**Student:** 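One structure is given below, represented as structure tokens, and several questions about it will come after.
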Amino acid sequence: MSKSHAAPEALSELDAARVRAIEATGWGARMTFFQPRNLAFWIWAGLVAYGIWHQIHATASATYYAPALSLAFGVFALYGAVFWWFTQHIDRYATQPGLLRVMAFLWGGFAATFFIAAPANDALLGIYAKVFGQPFAMSWGPALAAPFTEEWGKGLGVLLFIALAPRVIRTAYDGFILGAFIGLGFQILENVLYVANSASTQFGSNQIGASLSTFAVRMSSGIASHILFSAIFCTGLVYLLGRPSQPRRIGRGIALILTAMVLHGMWDGQSAIVFSIFGDTGAGHAALICLLVGLPLLGVFLVVQVFKVAVAGERAFMRDMLAPEVARGVLTEAEVEAAAGDRKARRRYRKAGAEPAASHGLGHRHRNRAVLDATFDLAAELGRSGGETTDRVEFARSEVVRVRTRAGETEPAPAS
Amino acid sequence: MTSDQPVPSPVPAAPPTSSARPPEGWVPVERRWLGLDRRTIVPALVVLAFALVCHLALPLINAALSYDEETRAGDVMLLKQDVSFTPAAGWSIEAGIVEGDEPVSASLPATTRLTKGQVSYEVTVGSFDGTSAQLLDQLKETTDALNDSAGLHVTTDPAGITTRAGDDGMIARFSGEASDGALAAFVKDGVGVEVVATAPSNTDRETTEEIAAMILDLRFEGEDAA
């Protein structure tokens with residue numbers, strides 16, 4: 001290991017800043033599953049248990065549609081795994097514990113769906129039909145029900161998780177990631193429900209065939225659906241509530257919550273919106289196609305902007321986390337900038353140092369990618385240790401050096 | 001040492017202190033209420049309140065309201081795939097669209113449900129690749145599979161039926177624990193129609209005739225009302 005490059009006083013300042021960053025972000029903080037004195041735990045457990053029971057009961061009652069349901073569970077489990085991997089991948093800063101992600105997924109998949117949204121949506125659609133008439137309920141009912149029942153049902157899970165893991169959920173970015181996992185759970189189970197409903201549309205005679213279009217629609221629209229809505233909503237909720245490391249931003253919080261609800265409402269009411277403006281005409285159908293394509297693009301654009309705003313604070317904390325490692329000569333400024341930077345900064349770093357590496361080493365891009373991964377590992381270990389130098393931290397430091405020198409180089413990779 | 005020598009006052013011991021951070025999950029006693037961590041009560045109750053409103057309150061409100069829309073003479077009920085029928089007057093529309101009052105979303109329902117007291121009349125449309133007899137068999141199969149010993153089961157052999165528009169279908173009677181009814185199936189050009197009429201055993205003759213008339217008034221695409 002390289003010798004420290006900084007004066008002791010400067011190093012202790014940097015170490016202190018790191019400890020503050022760890023405290024502020026909850027980096028490496030753990031959570032306990034069974035918290036008997038925590039009312040939030042019992043609420044979470046009770047509502048999730050109900051949802052699981054409901055799903056088991058519904059599945060057992062519909063064994064006739066077992067082929068379609070089995071296919072749905074299998075396909076959407078794989079689909080969900082891809083989104084799970086992606087969401088976990090972007091949670092590269094103060095990474096949330098796996099337990100919290102699973103609990104968030106279960107909340108979205110079982111509590112928010114079967115205990116909250118399903119009965120509420122059915123009831124609201126009936127109320128709208130009885131009060132405003134069948135045509136109104138058919139046209140506008142979903143758009144005026146789901147944004148309230150589903151978004152709030154999912155989003156209020158964040159309140160429970162803040163009570164369950166107050167040391168973990170510290171920033172708006174935590175809300176963003178948590179919201180994504182909650183939305184993923186909701187999306188997967190809702191997809192299964194839609195397939196089950198469509199399996200019966202040809203009187204049960206062609207379960208798989210009748211479900212195929214539903215599979216296609218749900219998988220293609222899922223990208224810009226519940227995962228996206230919940231990520232935005234839950235980010236807004238954390239801004240609205242404030243956390244010890246997240247100043248309360250009421251206006252921003254309300255704006256994000258409303259954005260998620262409006263996006264959801266527009267998604268559910270596309271036909272009604274378009275045809276009420278253009279009528280059931282050629283122009284109306286053309287406008288509907290534009291909305292079908294444009295709305296997901298708008299959603300993706302908005303969620304990326306929300307991501308950029310929420311992640312900015314995490315990147316600043318990452319710099320504080322790794323600055324002492326530069327002072328200790330473990331990392332370079334370039335490596336810290338890449339780890340704390342955006343996708344372009346990471347790509348720039350990976351491409352840097354185009355000179356051929358030593359013959360038995362890694363290509364420079366592969367080497368740089370490995371160094372970056374080892375840097376994130378080091379940050380994770382420092383978070384877990386609270387900034388202390390433990391055996392695992394020392395090993396993580398040695399891994400950075402090992403990977404960097406695997407190509408035969410003795411000096412850190414040059415800055416871009 | 002003699003007994004009258006002053007006894008030095010004992011140095012008061014420092015009070016015991018807790019460690020800087022309590023163990024994971026430890027709730028200090030002053031923060032407990034009925035054994036629970038006070039700080040978790042409000043957020044948990046907020047979530048529970050919302051959940052109960054959604055799960056209980058809204059359904060109760062919905063159940064307390066009734067459908068005001070009723071069918072009138074001359075109405076035509078519209079369904080998907082250009083299926084329609086003429087309803088009897090005075091039936092509550094629990095689900096369905098009347099011609100001339102189509103939703104702005106331009107979509108029509110796959111199911112129409114009308115009720116009159118304890119009598120219900122439900123028409124469902126879907127794609128079906130087969131004959132009316134095969135559709136009726138399919139409906140019997142799914143009804144038996146989904147309802148087990150509960151629910152309705154076909155109790156008579158199916159008989160042929162022809163609508164006023166000239167479409168041939170099949171009809172069978174069924175019975176359940178507290179009600180009887182009729183199950184009819186029609187198929188034309190890949191469009192299947194299921195009709196389920198359910199009524200108490202002592203349903204009056206007028207209502208039974210209305211049900212029969214509605215079944216016979218079923219129409220597919222391009223067919224005019226009789």
Side-chain angles (χ1 to χ4, degrees), chain A residues 30-32 34-44 47 61-64 111 115-117 119-120 122-127 129-131 133-140 149 152-153 156-157 159-160 162-164 166 200-206 210 269-272 275-276 279-280 284, chain B residues 24-27 32 35-37 39-48 50-51 53-63 65-69 93-98 101-110 124 126-130 134-135 138-139 141-142 145-146 148 185 192 194:
Chain A
R30 294 185 185 83
M31 68 171 292
T32 306
F34 183 57
Q35 300 181 37
R37 295 195 186 279
N38 193 329
L39 186 58
F41 169 76
W42 296 108
I43 303 300
W44 175 89
L47 269 53
S61 304
T63 52
Y64 186 79
F115 193 94
I116 296 175
D122 285 347
L124 279 174
L125 291 176
I127 291 169
K130 290 168 183 173
V131 175
Q134 298 280 350
F136 180 90
M138 270 199 76
S139 296
W140 299 104
T149 62
W152 282 93
L156 284 178
L159 269 189
L160 294 181
I162 288 175
L164 283 165
S200 62
T201 54
Q202 293 183 22
F203 308 102
S205 65
N206 183 19
Q270 291 179 74
S271 301
F275 292 130
S276 62
D280 188 5
Chain B
E24 190 71 36
W26 186 280
V27 178
R32 296 179 198 168
L36 295 170
D37 185 345
R39 297 185 312 177
T40 66
I41 291 175
V42 168
L45 289 181
V46 166
V47 176
L48 181 63
F50 180 83
V53 164
C54 290
H55 191 80
L56 295 176
L58 286 176
L60 283 173
I61 293 171
N62 182 37
L65 297 172
S66 56
Y67 289 97
D68 285 338
E69 290 175 287
I93 304 174
E94 290 199 357
I97 298 296
V98 178
D101 199 19
E102 289 88 330
V104 72
S105 61
S107 61
L108 293 171
T124 302
S127 300
F128 187 77
D129 186 19
Q134 287 169 333
L135 176 56
Q138 177 67 35
L139 294 172
E141 184 181 315
T142 51
L146 293 173
D148 259 352
E194 172 192 13

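The model shown is predicted, which means the values in this text are computed figures rather than measured ones. Chain naming here is simple, since letters A, B, ... match the order of the sequence lines and numbering starts at 1 in each.
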**Student:** Between B:Pro59 and A:Ala123, which heavy-atom pair has the shortest distance, and what is it?
**Tutor:**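 So the minimum-distance heavy-atom pair works out to N-CB, 3.6 Å.
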**Student:** Show the nearest heavy-atom pair for residues A:Phe203 and B:Leu139, with the distance to one decimal.
**Tutor:**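 In terms of heavy atoms, the two residues are closest at CD2-CD2, 3.7 Å.
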**Student:** Pair A:Leu159, B:Val46 - check side-chain contact (heavy atoms from CB on, under 4.5 Å), show working.
**Tutor:** CA-CA 9 Å; A:Leu159 269 189; B:Val46 166; 3.8 Å; yes
**Student:** Could you check whether the rings of A:Phe115 and B:His55 sit parallel, tilted or perpendicular, using 30° and 60° as the cut-offs?
**Tutor:**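 Judged by the thresholds at 30° and 60°, the geometry between A:Phe115 and B:His55 is parallel.
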**Student:** Can you tell me which of B:Gly130, B:Ala110, B:Gly96, B:Ser107 forms the most heavy-atom pairs within a distance under 4.5 Å of chain A?
**Tutor:**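 Most pairs with chain A among the choices: B:Gly96.
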**Student:** Considering non-hydrogen atoms only, spot the tightest contact between A:Ile127 and B:Asn62 and give its length.
**Tutor:**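 Taking every non-hydrogen atom into account, N-OD1, 3.4 Å.
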**Student:** Counting C-beta onward and ignoring hydrogens, is there a side-chain heavy-atom pair between B:Val47 and A:Trp44 closer than 4.5 Å?
**Tutor:**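 A side-chain contact is absent here, since even the closest heavy-atom pair is not under 4.5 Å.
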**Student:** Side chain, backbone, both or neither: which part of A:Asp280 has a heavy atom under 4.5 Å from chain B?
**Tutor:**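 For A:Asp280, the contact with chain B is made by the side chain alone.
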**Student:** Please examine the side chains of A:Pro135 and B:Ile97, heavy atoms only from C-beta on, and report whether any two atoms are closer than 4.5 Å.
**Tutor:**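 When only atoms from C-beta onward are counted, A:Pro135 and B:Ile97 do touch, with a gap below 4.5 Å.
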**Student:** Under a 4.5 Å cutoff for heavy-atom pairs, which residue among B:Pro43, B:Ala57, B:Ser127, B:Ala63 has the most contacts with chain A?
**Tutor:**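 Winner by heavy-atom pair count: B:Ser127.
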**Student:** Are there over 12 heavy-atom neighbours, none belonging to A:Arg30, within less than 6.0 Å of that residue's CZ?
**Tutor:**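 Check fails, neighbour count at 12 or below.
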**Student:** Under 3.5 Å, is there a donor-acceptor pair between the A:Gln134 and B:Tyr67 side chains?
**Tutor:**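 Looking only at side-chain atoms, B:Tyr67 and A:Gln134 do not form any donor-acceptor pair under 3.5 Å.
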**Student:** Measure A:Ser276 against the heavy atoms of chain B and call it side chain, backbone, both or neither at under 4.5 Å.
**Tutor:**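 Both parts, backbone and side chain.
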**Student:** Would you say that more than 12 heavy atoms from the other residues, nucleotides or ligands in this model lie under 6.0 Å from the CG of B:Asp101, or not?
**Tutor:**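 Yes, enclosed.
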**Student:** Looking only at atom types and distance, does a side-chain atom of A:Ser139 sit under 3.5 Å from a main-chain N or O of B:Ser105, one as donor and one as acceptor?
**Tutor:**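 It does hold such a pair.
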**Student:** If you tally heavy-atom pairs under 4.5 Å against chain B, which of A:Leu47, A:Leu125, A:Ile116 wins?
**Tutor:**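 Between A:Leu47, A:Leu125, A:Ile116, the count favours A:Ile116.
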**Student:** Could you tell me which non-hydrogen atom of B:Thr142 sits nearest to which non-hydrogen atom of A:Tyr64, and how far apart they are?
**Tutor:**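 Residues B:Thr142 and A:Tyr64, closest heavy atoms: CG2-CE2, 3.2 Å.
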**Student:** Which atoms of B:Gln134 come close to chain A, meaning under 4.5 Å heavy atom to heavy atom: side chain ones, backbone ones, both, or neither?
**Tutor:**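 Neither; nothing under 4.5 Å.
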**Student:** Which answer fits B:Leu108, side chain, backbone, both or neither, if we ask what part of it has an atom under 4.5 Å from a heavy atom of chain A?
**Tutor:**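 Just the backbone, heavy atoms under 4.5 Å.
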**Student:** With a 4.5 angstrom heavy-atom cut-off, which part of A:Gln202 approaches chain B: side chain, backbone, both or neither?
**Tutor:**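 Both backbone and side chain.
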**Student:** Donor-acceptor check, side chain of B:Thr40 to backbone of A:Leu39, threshold 3.5 angstrom: yes or no?
**Tutor:**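 Indeed, once roles are kept as given, a pair shorter than 3.5 Å links the two residues.
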**Student:** Among the options B:Arg39, B:Glu102, B:Glu194, pick out the one with the most heavy-atom pairs lying under 4.5 Å from chain A.
**Tutor:**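 Answer, by heavy-atom pair count under 4.5 Å with chain A: B:Glu194.
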